[in-house]
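Here is how names work: the chains are called A, B, and so on, in the same order as the sequence lines, proteins then strands, and each is numbered from 1.
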There are 2 protein chains.
Amino acid sequence: MNVNFNNRDPVYLQIVRYFKEKIAIGELEPGEEIPSRRELANRMKINPNTAQRAYKEMEEQGLIYTERNHPSKITTDTKTLGKVREELIIEAVDMFVTSIRSINVPVEELLDLVRVKYTANDDKEA
Amino acid sequence: MNVNFNNRDPVYLQIVRYFKEKIAIGELEPGEEIPSRRELANRMKINPNTAQRAYKEMEEQGLIYTERNHPSKITTDTKTLGKVREELIIEAVDMFVTSIRSINVPVEELLDLVRVKYTANDDKEA
DNA sequence: ATGGGTGTATTATATGATTAATACACAATG
DNA sequence: CATTGTGTATTAATCATATAATACACCCAT
């Protein structure tokens, strides 16, 4: 339950991103219960309303569902879950390519840079 | 003088970015005069203070310099200019790798995605 | 049945970043 | 010398976000 908040993006969106990553790598499984709004707020030292907003966002995206008086759970719709990983990847690649295209970097040079950087941190991150 | 403003980042930073890109690809040369604050504001339909803030930021980074009552000019310090391109690239790569690492994508798969996306738009952008 | 845990909704406030409005000093030019 | 165009500075207004304070309905276990 470690989230490295940055100051740039809204907290509630960073929460959503956090859960999407967990889903993408299979750390959160279909139907699995996630912390209640208040519980999450406690753990992450944020306001319960911010937690609520994040969950509401996830619910609207079909990532979680909620039964009365129970903490929300990860959706069992595997089709939806499967898309999460792909979407995160596509989104990252798109953003990257968009930002780098205007600088006219040769393809192979660019790929080398990515490869080096990507593999270099293999140990650090854990 | 076309800037595709997004709603996400501050306008003044997008302006800075715009000039850095021009510098990186050599479209702006050492000592070259750039539009005055007010002129830029007119062209880009932004507030003059926003233009001022962008220029102030660039001045602090040593990218431009200003003589009294004259529009600012690109620095003649080629060392500083040379770094711009590299920094833009490194920054983009770092952000990309950071955002993608948490998803555990195989390196080669990732590089393929980047290659395809990067080369696909070769014509469109112009 | 009551106390504590759920989700949800409403309203208000604070905060910080950004943008806007205005004014000032200076120089060049006609 | 007055007008216009520079950069600069100060203050105000705006805006999105985040937080806060409450309140409500519901369920479950004690």
Side-chain angles (χ1 to χ4, degrees), chain A residues 1-20 23 28 30-77, chain B residues 1 3-20 28 30-77 91 95:
Chain A
M1 195 60 70
N2 288 343
V3 185
N4 295 327
F5 289 121
N6 66 59
N7 306 342
R8 190 108 214 108
D9 306 307
V11 172
Y12 79 99
L13 287 181
Q14 296 184 56
I15 305 275
V16 172
R17 164 87 190 189
Y18 170 81
F19 279 98
K20 282 188 177 181
I23 290 173
L28 285 176
E32 182 172 344
E33 184 174 296
I34 61 179
S36 78
R37 275 81 166 159
R38 292 175 176 90
E39 172 67 14
L40 186 81
N42 277 337
R43 291 200 210 169
M44 294 192 172
K45 311 295 182 190
I46 60 175
N47 192 279
N49 294 306
T50 305
Q52 158 65 3
R53 181 153 187 197
Y55 279 22
K56 187 180 180 183
E57 178 72 22
M58 288 193 282
E59 189 137 25
E60 286 171 354
Q61 293 186 25
L63 300 177
I64 64 175
Y65 66 97
T66 311
E67 294 165 335
R68 18 185 342 103
N69 296 305
H70 286 278
S72 301
K73 295 173 183 171
I74 302 296
T75 182
T76 55
D77 182 339
Chain B
M1 196 58 69
V3 186
N4 294 326
F5 289 121
N6 66 59
N7 307 343
R8 188 110 213 103
D9 305 307
V11 173
Y12 79 98
L13 287 182
Q14 296 183 57
I15 305 276
V16 172
R17 166 85 190 189
Y18 170 81
F19 279 96
K20 283 189 175 180
L28 285 175
E32 181 172 345
E33 185 174 296
I34 60 179
S36 78
R37 276 80 166 157
R38 292 176 176 87
E39 172 67 14
L40 185 81
N42 277 335
R43 290 202 213 167
M44 294 192 172
K45 311 295 181 191
I46 61 175
N47 190 280
N49 294 303
T50 304
Q52 158 64 2
R53 179 150 189 196
Y55 279 22
K56 186 180 181 185
E57 178 73 20
M58 289 194 281
E59 190 137 26
E60 287 171 355
Q61 292 185 25
L63 300 177
I64 64 176
Y65 67 97
T66 311
E67 295 163 334
R68 4 178 2 95
N69 295 305
H70 286 278
S72 302
K73 295 174 182 169
I74 302 295
T75 183
T76 54
D77 183 337
E91 181 185 305
M95 278 183 44

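- Under the side chain to side chain contact (heavy atoms under 4.5 Å, CB included) criterion, B/Lys73 pairs with B/Glu33, B/Tyr65, B/Glu67, sequence neighbours left out.
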Taking only N/O atoms, report every protein-nucleotides 28-30 of chain D pair under 3.5 Å with atom names and distance.
none

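- Of the candidate nucleotides D/dC26, D/dT6, D/dT8, D/dT8 has the atom nearest to the side chain of B/Thr66.
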For nucleotides 14-17 of chain C, give me every protein contact, N/O to N/O, under 3.5 Å, one pair per line with atom names.
none

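- Partners of A/Glu32 by side-chain hydrogen bond (donor to acceptor under 3.5 Å, both in side chains), not counting sequence neighbours: none found.
- Between the base of C/dG7 and the side chain of A/Arg38 there is a donor-acceptor pair shorter than 3.5 Å.
- Taking only side-chain atoms of B/Thr50, from C-beta outward, the nucleotide of C/dT8, C/dA20, C/dA27 with the closest atom is C/dA20.
- Applying the side chain to side chain contact (heavy atoms under 4.5 Å, CB included) rule to B/Asp77 yields the partners B/Thr75, B/Lys79, B/Thr80; only residues at least two apart in sequence or on another chain are considered.
- Among C/dG7, C/dT19, D/dT8, the nucleotide with an atom closest to any side-chain atom of B/Asn47 is C/dT19.
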Listed pairs, N/O of protein and of nucleotides 10-15 of chain D, under 3.5 Å:
none

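- Listed by chain and residue number, B/Arg37, B/Thr66 satisfy the side-chain hydrogen bond (donor to acceptor under 3.5 Å, both in side chains) test with B/Ser72 (two or more places apart in sequence, or in another chain).
- Computed from C1' positions of five pairs at each end, the angle between the two local axes of the helix from C/dA1-D/dT30 to C/dG30-D/dC1 equals 20°, rounded to 10 degrees.
- A search for side chain to side chain contact (heavy atoms under 4.5 Å, CB included) contacts involving A/Asn4 returns nothing, not counting sequence neighbours.
- Remark: A/Pro48 pairs with A/Ala41 by the side chain to side chain contact (heavy atoms under 4.5 Å, CB included) rule, at least two apart or across chains.
- Set against C/dT6, C/dA21, D/dC27, the side chain of A/Arg68 has D/dC27 as its closest nucleotide.
- Judged as a side-chain hydrogen bond (donor to acceptor under 3.5 Å, both in side chains), and not counting sequence neighbours, the contacts of B/Asp9 are B/Asn6.
- We find that B/Glu57 and B/Arg53 are not joined by a salt bridge, their nearest charged nitrogen and carboxylate oxygen being 4.0 Å or further apart.
- Taking atom CG on A/Leu40 and atom C1' on C/dT6, their separation rounds to 14 Å, with Å as the unit.
- The side-chain hydrogen bond (donor to acceptor under 3.5 Å, both in side chains) test applied to B/Arg17 returns B/Glu21, not counting sequence neighbours.
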